[in-house]
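All remarks here apply to the structure that follows.
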2 protein chains.
Amino acid sequence: MMDARIDEIRKQLTAKGYKLTAQREETVKVLLENEDNHLTTEEIYMIVKNRVAEIGIATVYRTLELLKELHVIEKVNFGDGVYRFDLRRKNQPHFHHHLICTECGAVQEILEDWLLLLEKRVEREFGFTVEDHRLDFQGVCHSCKLNQKSEKCKAVS
Amino acid sequence: MMDARIDEIRKQLTAKGYKLTAQREETVKVLLENEDNHLTTEEIYMIVKNRVAEIGIATVYRTLELLKELHVIEKVNFGDGVYRFDLRRKNQPHFHHHLICTECGAVQEILEDWLLLLEKRVEREFGFTVEDHRLDFQGVCHSCKLNQKSEKCKAVS
DNA sequence: TTACTTAATTATAATTATTATCATTAAATA
DNA sequence: TATTTAATGATAATAATTATAATTAAGTAA
């Protein structure tokens with residue numbers, strides 16, 4: 001399962017003359033295992049270091065930059081001051097959407113592409129050919145709203 | 001015109017116990033005059049400094065942070081490594097959209113809100129209450145496409 | 001296998017962006 | 001006018017990222 005994905009990435013790398021070194025492979029594994037997580041460079045470095053020890057943070061920076069160029073991952077910024085990395089999904093030409101909870105910080109993903117119609121409109125109205133997009137919603141997630149309700153109930157009783 | 005906008009911002013500041021000092025006013029003016037520009041902190045600092053001289057960069061950082069909290073401006077990141085600041089438009093509860101050209105770097109704004117339907121869908125399908133959103137399209141703008149065509153014509157002739 | 005060539009790595013220095021500190025100034029208030 | 005508080009400027013400290021240079025690993029040709 002994960003091995004297939006790694007092989008695929010290896011092919012993408014070799015196609016461009018790069019190698020999948022042990023350090024790069026471990027970094028990719030961490031990304032795959034944390035597909036839903038949105039880790040920072042520092043976090044990725046710490047996890048890889050705990051496993052193989054033989055890695056410097058500069059290599060992590062370089063590997064992430066490389067994977068970004070290959071469109072394997074995307075560098076995202078949810079406005080909390082740090083960059084995070086997010087795997088692109090298979091067979092999804094465009095980047096997925098996010099629901100960012102301003103209460104608890106949770107980030108949920110919408111993998112379905114909701115922007116096809118709007119992209120046609122952009123082409124029609126602005127003569128702009130869309131290659132990719134970024135759509136994030138900020139707001140209050142379901143579970144935070146439930147918690148707020150139960151807080152209110154406590155206050156009333 | 002601009003004065004009205006500044007007065008409005010002054011009121012927003014005083015309502016929260018802040019003052020519109022000379023430094024803050026100049027910073028706001030620069031933002032208003034560059035409504036379509038997306039300046040970085042450094043750029044804003046240089047412009048203000050050339051006018052009043054009496055400002056330190058720390059004050060610019062502080063002022064921009066303050067204006068962000070008041071929802072006067074938004075801190076944006078188009079993926080080129082620097083943060084930029086973008087004025088929120090009047091009577092627009094949600095942030096406007098961007099068309100970012102990957103060829104020439106031009107950033108065009110869509111001031112109309114195209115996401116109302118999708119936000120209802122987010123509420124319905126995920127129980128997530130949207131407070132704000134961020135929508136950017138990356139691609140090739142109209143004028144870059146025209147240029148590419150004329151390049152081809154030259155090559156053929 | 002051995003020598004050679006190149007890519008990739010590590011450790012660390014340098015750079016850049018941002019934030020924190022603190023003495024000073026300006027403004028508001030009593 | 002004296003007092004209090006907010007805001008500023010200069011600069012130190014911190015954090016994130018990039019650049020550098022020596023070393024290692026891997027691939028290739030003789």
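Just so we're clear, the structure is a prediction, and the values are computed from it rather than from any experiment. To find a chain, count down the sequence lines: A is the first, B the second, and so on, and within it residues start at 1.
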Using a 4.0 Å heavy-atom cut-off across all strands, classify Thr21(A) as base, sugar-phosphate, or nothing. sugar-phosphate

Figure out the CG/C1' separation between Leu20(A) and dA26(D), and round it to whole Å. 14 Å

Side chain of Lys19(B) only, heavy atoms from C-beta on: which candidate in dT17(D), dA7(C), dA6(D) is closest? dA6(D)

Rounded to whole Å, the NZ-P distance (Lys75(B) to dA17(C)) equals 13 Å

Is the His98(A) ring parallel, tilted or perpendicular to the Phe78(A) ring (thresholds 30°, 60°)? perpendicular

So His94(B) and His133(B), would you call those rings parallel, tilted or perpendicular, with 30° and 60° as cut-offs? perpendicular

Which comes earlier along DNA chain D counting from the 5' end, the contact point of Ala58(B) or that of Ile57(A), where each point is its nearest nucleotide? Ala58(B)

Counting heavy atoms from C-beta on, name the nucleotide in dA27(C), dT19(C), dT21(C) closest to the side chain of Tyr61(B). dT19(C)

Contact class for Glu42(B) vs. all strands (heavy atom < 4.0 Å): base, sugar-phosphate, or nothing? nothing

Which atom pairs, one a donor and one an acceptor, fall under 3.5 Å between side chains of residues 52-70 of chain B and the rest of the protein, sequence neighbours left out?
unit_1	atom_1	unit_2	atom_2	d
Thr59(B)	OG1	Arg62(B)	NH2	3.3
Thr63(B)	OG1	Thr59(B)	O	2.8

Students often mix this up, so state it plainly: with edges at 30° and 60°, are the rings of Tyr83(B) and Tyr83(A) parallel, tilted or perpendicular? parallel

Value in whole Å for how far the C1' atom of dA7(C) lies from CG of Leu13(A): 13 Å

Compare side-chain N and O positions of Gln23(A) against OP1 and OP2 of dA25(D) and report whether any pair is under 4.0 Å apart. no

Which one, dG27(D), dA16(D), dG9(D), comes nearest to the side chain of Glu54(B)? dG9(D)

Select base, sugar-phosphate, or nothing to describe what Ile55(A) touches, counting heavy atoms under 4.0 Å on all strands. sugar-phosphate

Closest of dA16(D), dT18(C), dT9(C) to the Arg24(A) side chain is dT9(C)

Gap between atoms CD and P, on Glu65(B) and dT19(C) respectively (whole Å): 7 Å

Measure OH/Tyr18(A) against C1'/dT6(C) and give the value in whole Å, please. 14 Å

Considering every strand and a 4.0 Å limit on heavy-atom distances, what is the contact class for Arg62(B): base, sugar-phosphate, or nothing? base

Atom-pair distance (CD on Glu25(A); C1' on dT9(C)), nearest Å: 16 Å

For atom NZ of Lys49(B) and atom P of dT8(D), their distance in whole Å: 14 Å

Assess whether side chain to side chain donor-acceptor pair (under 3.5 Å) is satisfied between His38(B) and Glu109(B), documenting all intermediate values. CA-CA 11 Å; His38(B) 309 97; Glu109(B) 304 194 331; 2.8 Å; yes

Between dT18(C) atom P and Asn77(B) atom CG, what is the distance in whole Å? 10 Å

